[in-house]
Amino acid sequence: MLKGHQSWLFENKPFIRSTATVVGPFEGRGPLAKDFDIVHGESMMGQKSWEKAEKVLIEEAAKLAIENAGLTKEQVQFYIGGDLMNQIISSSFAARTLSIPYIGVFGACSTSMESLALAANLVNSGSAKFVLAGTCSHDSSAEKQFRYPTEYGSQKPPTAQYTVTGAGAAIVSMEGDGPVVTSATIGRVIDMGIKDPFNMGAAMAPAAVDTIEAHVRDLGIEPGYYDLIVTGDLAKVGYEIACKLFKKHNFPIEQTEYSDCGMMIYDYETQMVQAGASGCGCSAVVTYGHLLNRMRRGELKRILVVATGALLSPISFQQGESIPCIAHAVSIEAGREIL
């Protein structure tokens, strides 16, 4: 049901019945490697293009999530997915392979929680029994589309981020024994006038803060309700800006642990990733891998995942447009027994 102005409260508390994460070799050398289901040994994944390699990521994650749920693809009513490629071709072409009724969405790097929120809403309302939510990204396909092809060897500024090569998928259902989705907040588009595609963290931070503040306001809770609030891929630059905005707004973020997926997946000391990680796959693999594993071990009971996305395109950038951004938040709790 609608709660407040822009949030959904899922009174039936649908389960995240299963998850799957698939990453590239660079992510497999990071600190979260043990939390991923499949780590590829090479970034082309046996394909002839970066875009085809990206499609492999989401296909594998989707198929494994379905298998881990003990289901067949014929039992899944809907697949909700999107990615960064023009016309979300990675997800759409994967939907062609999966042959599951498909709802394509685009929220840039916020797509992981956008798709999960919509999946939970469908299941909570009784509109579906099993829904697949997933997203993906590939560093080389994203660089080729939005900035410079990797082969060009362009030097990046310290504010730049490294797009995660990875895919995360989840099956949401009314039955299961995993974590539950309890609420979601759909963000507003926020544009602070930033035009630099090498500074995504600064562009996205205000949207993340706006959605987090809306979430606690709509639900009538304090940030301390959560053991962890984590943004999607602000990385170092955006994270610092978000912290300053919380302080400026007198928002008590210090009540809880606040972190960022873009600062978790890589090792800053050994991997040259400038400000940190980004991409649709960033919050997807960190959440469906690392964070839910921590939840299953009893280390976390309640988390708020706030995936952030920059809604630019190559055309909008070339025409001198600023970068509008959005953030979607999903509340995940360890299970019905603690509610």
Q: Take His138 and Asp83 through the side-chain contact (heavy atoms from CB on, under 4.5 Å) test and state the conclusion after the steps.
A: CA-CA 10 Å; His138 193 297; Asp83 53 83; over 6 Å; no
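- For His5, the side chain to side chain donor-acceptor pair (under 3.5 Å) test picks out no residue, with sequence neighbours left out.
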Q: Evaluate salt bridge (charged side-chain N to carboxylate O under 4.0 Å, His left out) for Arg217 paired with Glu213, printing each intermediate quantity in order.
A: CA-CA 6 Å; Arg217 181 173 63 248; Glu213 293 178 350; 5.4 Å; no
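- Remark: the backbone N or O of Ser316 is not paired with any side-chain donor or acceptor of Gln318 at under 3.5 angstrom.
- Of all heavy-atom pairs between Gly82 and Ile88, the closest is CA-CG2, 4.1 Å.
- Looking only at distances, no side-chain donor or acceptor of Thr111 sits under 3.5 Å from a matching main-chain atom of Phe106.
- Counting only distance, with no hydrogens or angles, the side chain of Ser141 and the backbone of Trp50 share no donor-acceptor pair below 3.5 Å.
- For Ser283 and Ser112, the side-chain atoms include at least one donor-acceptor pair closer than 3.5 Å.
- Enclosure of atom CZ in Phe317 is not indicated, since only 12 or fewer non-hydrogen atoms of other residues, nucleotides or ligands lie within 6.0 angstrom.
- The number of heavy-atom neighbours closer than 6.0 Å to CE of Met192, taken from other residues, nucleotides and ligands shown, is 12 or below.
- Checking side-chain atoms of Thr165 against main-chain N and O of Asp139 turns up a donor-acceptor pair under 3.5 Å.
- Every residue meeting the ring-ring contact (aromatic ring centres under 6.0 Å, His included) condition with Tyr226, not counting sequence neighbours, appears here in chain and number order: His215.
- One side chain, Thr231 or Asp260, offers a donor N or O that lies under 3.5 Å from an acceptor on the other.
- Considering all non-hydrogen atoms of both residues, Thr287 and Met113 come closest at CG2-CE, 4.2 Å.
- Counting all heavy atoms, side chain and backbone alike, Tyr268 lies closest to Gly276 at OH-CA, 3.4 Å.
- The backbone N or O of Gly30 sits nowhere less than 3.5 Å from a side-chain atom of Asp267 that would complete a donor-acceptor pair.
- Using modelled atom types and a 3.5 Å distance limit, the side chains of Asn68 and Ser18 yield no donor-acceptor pair.
- With rounding to the nearest 0.5 angstrom, the CZ atom of Phe10 is 9.5 Å from the OG atom of Ser125.
- Within 6.0 Å of atom CD1 in Ile315, 12 or fewer heavy atoms from other residues, nucleotides or ligands are found, so the atom counts as exposed in its surroundings.
- Residues passing the side chain to side chain donor-acceptor pair (under 3.5 Å) test with Arg29, sequence neighbours excluded: none.
- Side-chain contact, Thr182 with Ser331: a donor N or O sits under 3.5 Å from an acceptor N or O.
- Asp37 places a side-chain N or O within 3.5 Å of a backbone atom of Thr21 that can act as its donor or acceptor partner.
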